[in-house]
Amino acid sequence: MFTFEVVPGEAVRRQLDQHRDEVVDVVERTYRDHEAGETINPDSYFLRFPEKPDSRIIALPALLRGDVQLAGIKWIASFPKNVAAGRPRASAVLILNDYETGYPIACLEAANISAARTAASAAVAARALRPTGLVGGRIAVVGGGVIARNICEYLHVVGCRPDTYLVHDIHEPSGKSLVEHLEAQGRTAQFTSALDEALEADVVVLATTALEPYVTRQFRPGQLVLNVSLRDLAPETVLGAHNILDDVDHCLKANTSPHLAEQLSGNRDFVTGTLAGVLNGDVIVDDSKPVIFSPFGLGVLDIAVGAHALVRARAAGQTTDIPGFFGETSRW
């Protein structure tokens with residue numbers, strides 16, 4: 001009963017990479033569960049630093065009922081200046097708690113979990129919001145980091161086969177590294193220093209660390225924008241599109257682009273619906289406007305993907321038990 005396991009990053013990464021199709025299914029199912037009320041997903045809590053305004057550590061607590069029956073919390077640090085030193089921007093851990101007893105059962109390295117659930121979320125949205133197909137044309141990726149790399153991998157899982165990937169990053173070495181990665185996977189890719197060229201693509205993926213909007217143009221009808229980094233788009237751009245969110249209340253806060261659109265318009269009428277609504281057939285988007293998907297990033301997705309990684313790693317013998325982790329195992 002009183003066991004505690006640790007799952008290192010290499011094991012987490014291996015299990016998620018080997019089973020990306022399963023991760024996509026887990027994320028889609030969790031969106032449906034969230035819409036159906038099978039989750040508790042409180043606000044995220046931000047620890048900010050006055051002397052480091054671009055950095056933060058975020059706590060994302062959540063509960064997933066259904067077949068999982070686990071609560072937990074992801075503690076994720078985002079320090080963009082790590083990139084200049086050649087280190088990943090984000091680092092994280094995930095604690096999973098048994099819902100019956102409340103006892104923590106595992107600690108997993110979670111930067112990989114966070115990247116996988118974010119990328120799978122974008123892939124689920126792309127598949128749902130482009131039902132006529134994702135073959136041919138161009139996919140542009142703005143931002144050449146770890147999240148962008150994972151999104152490209154997961155887009156491939158759901159059947160995205162563009163003629164070419166366009167990559168734009170103000171840090172040219174990062175953008176070119178993503179191009180090299182895509183080419184090594186047998187995909188056609190090129191770097192562009194022109195943001196406007198990237199924003200003309202059929203599908204635009206925004207995966208930056210921007211703190212405020214810099215995209216002020218309108219997208220054309222039929223374009224799909226995966227607004228993963230959440231703060232790149234001016235509110236006027238948001239108001240000119242169909243807007244699909246992962247969770248309305250979560251997205252409309254913290255000066256995200258949708259939140260700025262709410263402040264500018266004074267209402268939420270610009271919100272078309274949630275991704276789960278689209279998946280369930282309750283929300284329909286047409287091609288009269290561009291479509292913007294804005295995911296705030298739900299902690300319950302981390303619980304779901306982390307639980308899946310734990311089961312897979314445990315079956316592969318890649319977890320480490322910590323004997324005596326709990327100081328007391330009986331009341332008396």
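The residues of the chain are indexed from 1 along the displayed sequence.
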Requested in this report: Can you sort out the partners of Phe325 under ring-ring contact (aromatic ring centres under 6.0 Å, His included), two or more places apart, ordered by chain and number?
Outcome: Phe4

Query raised in the report: Taking only residues two or more places apart in sequence or in another chain, which ones pass ring-ring contact (aromatic ring centres under 6.0 Å, His included) with Phe49?
Result: Phe79

Report summary line: Contacts satisfying side chain to side chain donor-acceptor pair (under 3.5 Å) that involve residues 70-98 (not counting sequence neighbours) are Lys74-Ser114, Lys74-Asp302, Ser78-Arg89, Asp98-Thr101

Side-chain atoms of residues 184-199: list all donor-acceptor pairs with protein atoms under 3.5 Å, sequence neighbours left out, distances to 0.1 Å.
| from | atom 1 | to | atom 2 | distance (Å) |
| --- | --- | --- | --- | --- |
| Thr192 | OG1 | Ala194 | N | 3.1 |
| Thr192 | OG1 | Glu197 | OE1 | 2.5 |

Report task. If a pair satisfies ring pair (Phe, Tyr, Trp, His ring centres under 6.0 Å) and one of its residues is in residues 271-298, list it, with sequence neighbours excluded. Result -> none

May I have the list of side-chain donor-acceptor pairs in residues 134-158 shorter than 3.5 Å, sequence neighbours left out?
| from | atom 1 | to | atom 2 | distance (Å) |
| --- | --- | --- | --- | --- |
| Asn150 | ND2 | Val146 | O | 2.9 |
| Glu153 | OE2 | His181 | NE2 | 2.5 |
| His156 | ND1 | Arg161 | NH1 | 3.3 |

Report task. Using distance alone, with no hydrogens and no angle criterion, decide if Thr256 and His259 have a side-chain donor and acceptor under 3.5 Å apart. Result -> no

Query raised in the report: Looking only at heavy atoms, which two atoms of Glu109 and Pro8 are closest? And how far apart?
Result: CB-C, 4.0 Å

Report task. May I have all residue pairs that pass side chain to side chain donor-acceptor pair (under 3.5 Å) and include part of residues 61-70, sequence neighbours excluded? Result -> none

Requested in this report: Determine whether the side chains of Tyr31 and Ser121 contain a donor N or O and an acceptor N or O closer than 3.5 Å.
Outcome: yes

**Report entry** Asp54 side chain vs Pro80 backbone, donor-acceptor pair below 3.5 Å
**Finding:** no

Query - Ser288: side chain to side chain contact (heavy atoms under 4.5 Å, CB included) partners, not counting sequence neighbours - result: His242, Asp286

Query raised in the report: Do Thr237 side-chain atoms and Leu233 backbone N/O form a donor-acceptor pair below 3.5 Å?
Result: no

Report summary line: Sorted by chain and number, sequence neighbours left out, salt bridge (charged side-chain N to carboxylate O under 4.0 Å, His left out) with Asp43 holds for Lys253

List, one per line, each side-chain donor-acceptor pair under 3.5 Å for residues 305-313, sequence neighbours excluded.
| from | atom 1 | to | atom 2 | distance (Å) |
| --- | --- | --- | --- | --- |
| His308 | NE2 | Glu22 | OE1 | 2.9 |
| Arg312 | NE | Glu22 | OE1 | 3.2 |
| Arg312 | NH2 | Glu22 | OE1 | 3.1 |
| Arg312 | NH2 | Glu22 | OE2 | 2.5 |

Query - Shortest non-hydrogen separation from Tyr45 to Pro61 and the atoms involved - result: CE1-CG, 4.0 Å

Query - Shortest non-hydrogen separation from Ser44 to Leu60 and the atoms involved - result: OG-CG, 3.5 Å

Query raised in the report: Are the side chain of Asp17 and the backbone of Gln15 linked by a donor-acceptor contact shorter than 3.5 Å?
Result: no

Query raised in the report: Atom NZ of Lys176 and atom NE2 of His171: how far apart are they, to the nearest 0.5 Å?
Result: 11.5 Å

Query raised in the report: Do His34 and Asn41 have side-chain atoms, one donor and one acceptor, less than 3.5 Å apart?
Result: no

Requested in this report: Look at the side-chain heavy atoms of Ile, Leu, Val, Met, Phe, Trp and Tyr, link any pair under 4.5 Å apart, and say whether Val12 and Val300 land in one connected group.
Outcome: yes

Query raised in the report: Can you tell me if Glu5 and Thr320 form a side-chain donor-acceptor pair at under 3.5 Å?
Result: no

**Report entry** Interatomic distance, Asp202 atom CG to Arg130 atom CZ [nearest 0.5 angstrom]
**Finding:** 6.0 Å

Query raised in the report: Without hydrogens or angle criteria, can the side chains of Asn255 and Arg231 be said to hold a donor-acceptor pair below 3.5 Å?
Result: no

Report task. Can you sort out the partners of Asp269 under side chain to side chain contact (heavy atoms under 4.5 Å, CB included), two or more places apart, ordered by chain and number? Result -> Asn267

**Report entry** Chi angles and distances behind the side-chain hydrogen bond (donor to acceptor under 3.5 Å, both in side chains) call for Ser229, Asp232
**Finding:** CA-CA 7 Å; Ser229 40; Asp232 305 64; 2.5 Å; yes

Query raised in the report: What's the shortest heavy-atom distance between Val23 and Ala116, and which atoms?
Result: CG1-O, 4.3 Å

**Report entry** side chain to side chain contact (heavy atoms under 4.5 Å, CB included) against Asp163, all qualifying residues, sequence neighbours excluded
**Finding:** none

